[in-house]
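Quick caveat: nothing in here was measured; it's all calculated off a predicted structure. Numbered from 1 within each chain, the chains take letters A, B, ... in sequence-line order.
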Amino acid sequence: MTPNDYHVSMDSLASLCKRRGFIFQTSEIYGGINGFWDYGPLGVELKRNIKESWWKSVVQTRENVVGLDSSIIMHPRVWEASGHIGNFKDPMVDCRETKARYRADQILVFKHKSDETLMFAYPEDEEPPAKKARRFNKTDPADYESVPLLDIPLENYDRLVAPNTKEAGTLTEPRAFNLMFKTFVGPVEESSNVAYLRPETAQGIFAQFGNVNATARQKVPFGIAQIGKAFRNEINPRNYTFRSREFEQMELEFFIKPGTDAEWHEYWVSERLNWYSRVGLPEGRMHRDIHEGDALAHYASACTDILYDFPFGTQELEGIAARGNFDLTQHQETAGKGLEYFDEETKERYLPHVIEPSAGVDRIALALLCEAYRVEWIPKGKDNDGKILTADPKAKQAPEGYEARTVLRFAPCIAPYKVAVFPLLKNKPELVAKAREVFEKLNERWTCFYDQTGAIGRRYRRQDEIGTPLGVTIDFDTLEDSTVTVRDRDTMEQTRMSISELENYIAERVKF
RNA sequence: GCGGGUGUAGCUCAGUGGUAGAGCGUCACGUUGCCAACGUGACUGUCGUCGGUUCGAAUCCGAUCACCCGCUCCA
């Protein structure tokens with residue numbers, strides 16, 4: 001599969017997604033809410049196919065991976081153990097003067113050791129503002145020290161000069177932005193009832209590790225997989241559905257023997273890249289971002305992000321982290337319950353390490369839409385050798401002898417509809433009856449679409465725009481010899497075959 | 001969160017103080033023997049929302065919400 005060389009604008013894509021029923025703004029009739037999206041009839045099929053192929057690839061075809069569906073609201077101490085309550089908030093400070101906002105933990109303060117004069121805040125990745133200190137306080141910068149902003153008492157903020165300002169006292173106090181959605185369990189809103197919508201599905205797996213281990217009859221290495229909604233109160237959702245506040249994750253926690261982390265990590269990176277290629281994201285558009293040094297969480301020994309070249313930039317679809325046994329250790333300590341695994345072979349007792357491939361369903365859906373969407377110039381009549389060209393996005397019109405079509409070239413295995421069935425003409429009852437018969441048969445096995453409205457060419461194009469890979473047309477020959485034409489979305493070519501061959505042919509074409 | 005832009009039919013957009021429009025799409029009927037044909041007809045809007053100014057507001061003003069772009073942020 002070659003990368004799509006048509007660069008769709010997000011506006012055009014959003015327009016098609018709305019027009020055809022892939023994605024709507026949530027509660028649109030009330031004006032919508034920033035960061036929340038609904039999937040329409042086609043979008044829900046697309047997502048279902050993504051999730052099903054992931055499940056098949058990660059769970060069903062592997063004897064040593066089992067599934068789990070944990071609840072969205074869990075005991076609040078789960079998030080204490082995971083570090084989300086402690087760390088899942090970034091204290092931020094705003095500058096009233098420049099309107100800039102900073103992460104408080106990334107700001108240092110350059111202050112005189114006497115701590116009685118003006119202090120100067122600066123970002124940690126910049127040089128201390130020595131000149132500013134000399135100019136404002138008329139003192140030698142050598143007598144200054146740099147301390148974290150969070151160590152500065154609030155009452156001293158009136159002596160604090162913010163970056164790029166000349167006056168002190170423009171910074172607000174650090175405010176925690178907890179990115180977890182908070183709610184209350186039970187009808188009474190009091191602090192003892194506080195609970196959180198999960199910000200990731202992973203912790204449900206760790207919290208149930210003991211039960212799954214006790215019941216699933218698995219031996220390390222083995223995995224627990226989960227697909228489900230997660231919620232993060234993002235400060236600034238952006239880029240269509242890419243960063244949403246409610247989203248769906250597909251996560252695997254693959255538990256391994258300590259010391260085998262590197263090889264299993266590499267194994268899963270490669271397995272996952274292989275999967276992306278099979279659902280229609282070509283190698284040329286996919287990248288690995290290997291985290292090193294500071295970018296790596298303190299407990300992780302490796303983390304590789306899988307990125308896709310979106311029209312708005314190269315962005316993460318999935319992170320594959322080697323998390324050691326950080327999470328199990330945390331839960332074991334916080335809950336005070338033993339979660340160790342007993343290895344019968346070596347008679348060892350240990351907390352398994354874990355490899356965590358964590359993917360975003362909505363981001364993958366968006367990537368697949370971006371990759372599938374293109375406008376093509378197709379030759380009219382028999383001219384131009386029948387060669388289909390990729391349209392120039394800037395061109396207003398197709399060149400002479402060509403006409404434009406919009407097509408979603410989904411990999412057949414993830415296309416919302418697999419097959420469209422058409423009677424050649426709708427005013428011939430015998431064609432309609434035969435087409436209905438074929439449709440109802442195919443519809444038992446695949447999501448199919450029946451359409452008898454309009455000219456046949458128009459119906460083909462309508463299916464192109466929603467990415468249906470195959471069109472089956474019932475014509476007068478069908479009534480004679482039980483053959484139909486099967487029209488290919490990508491080549492627009494037609495193949496004649498008998499109805500008896502149809503199911504095997506489709507099965508072969510749309511298989512994952 | 002800041003700055004800029006945008007918001008009118010399902011989509012793309014015109015309409016700048018005086019009766020809400022076009023193209024496309026959708027639906028129905030007719031026609032149609034394989035790639036967006038044609039004819040006839042139909043549906044669709046509190047002009048994003050709320051408030052103000054005005055005899056009168058899609059149009060002017062304010063607020064608010066949403067989307068886009070640039071910052072910022074993204075454990």
Please identify each residue that fulfils ring-ring contact (aromatic ring centres under 6.0 Å, His included) with A/Phe206, with sequence neighbours left out. none
Where the side chain of A/Arg238 meets the backbone of A/Gly35, is there a donor-acceptor pair that is under 3.5 Å apart? no
Can a donor-acceptor pair be found, under 3.5 Å and without considering hydrogens, that links the side chain of A/Glu501 to the backbone of A/Ser498? yes
Who does [N] pair with, Watson-Crick or G-U, both distances under 3.5 Å?
| N | result |
| --- | --- |
| B/rC11 | B/rG23 |
| B/rG70 | B/rC2 |
| B/rU64 | B/rG48 |
| B/rA58 | none |
| B/rU32 | none |

Under 4.0 Å, heavy atoms only, any strand: does [X] hit a base, just the sugar-phosphate, or nothing?
| X | answer |
| --- | --- |
| A/Asp464 | nothing |
| A/Ser15 | sugar-phosphate |
| A/Gly40 | nothing |
| A/Ala14 | nothing |
| A/Tyr30 | nothing |
| A/Gln25 | sugar-phosphate |
| A/Arg459 | nothing |
| A/Lys18 | sugar-phosphate |
| A/Thr406 | base |

Interatomic distance where [atom1] belongs to [X] and [atom2] belongs to [N] [whole Å]:
| X | N | atom1 | atom2 | value |
| --- | --- | --- | --- | --- |
| A/Ile29 | B/rA66 | CD1 | P | 16 Å |
| A/Ile456 | B/rA37 | CD1 | P | 12 Å |
| A/Arg462 | B/rA37 | CZ | C1' | 13 Å |
| A/Lys426 | B/rC27 | NZ | C1' | 10 Å |
| A/Leu42 | B/rC11 | CG | P | 16 Å |
| A/Arg238 | B/rC73 | CZ | P | 13 Å |
| A/Arg461 | B/rA36 | CZ | P | 5 Å |
| A/Trp377 | B/rA36 | CH2 | P | 18 Å |

Measure distances between side-chain N and O atoms of [X] and base N and O atoms of [N], and say whether any donor-acceptor pair falls under 3.5 Å.
| X | N | result |
| --- | --- | --- |
| A/Arg20 | B/rG10 | no |
| A/Arg405 | B/rC35 | no |
| A/Thr485 | B/rC34 | yes |
| A/Tyr460 | B/rC34 | yes |
| A/Asp475 | B/rC34 | yes |

Which of the following nucleotides, [options], is nearest to the side chain of [X]?
| X | options | answer |
| --- | --- | --- |
| A/Asp477 | B/rG33, B/rC69, B/rC35 | B/rG33 |
| A/Phe476 | B/rC68, B/rG33, B/rC34 | B/rG33 |
| A/Gln494 | B/rA36, B/rC35, B/rC67 | B/rC35 |
| A/Leu425 | B/rA66, B/rG33, B/rC69 | B/rG33 |
| A/Ala455 | B/rC34, B/rC67, B/rU32 | B/rU32 |

Quick one: sort the A/Phe449 and A/Tyr417 rings into parallel, tilted or perpendicular, breaks at 30° and 60°. perpendicular
Could you check whether the rings of A/Trp37 and A/Tyr240 sit parallel, tilted or perpendicular, using 30° and 60° as the cut-offs? perpendicular
Under 4.0 Å between a side-chain N or O of [X] and OP1 or OP2 of [N]?
| X | N | result |
| --- | --- | --- |
| A/Arg19 | B/rU12 | no |
| A/Asn34 | B/rC65 | no |
| A/Asn427 | B/rU31 | yes |

Going through the checks in order, is the ring-ring contact (aromatic ring centres under 6.0 Å, His included) test met by A/Phe22 and A/Tyr39? CA-CA 6 Å; A/Phe22 281 94; A/Tyr39 288 82; 9.3 Å; no
Given A/Phe326 and A/Tyr299, is the ring-ring contact (aromatic ring centres under 6.0 Å, His included) satisfied, shown in steps? CA-CA 6 Å; A/Phe326 172 77; A/Tyr299 48 80; 4.1 Å; yes
Are A/Thr447 and A/Glu45 linked by a side-chain donor-acceptor pair shorter than 3.5 Å? no
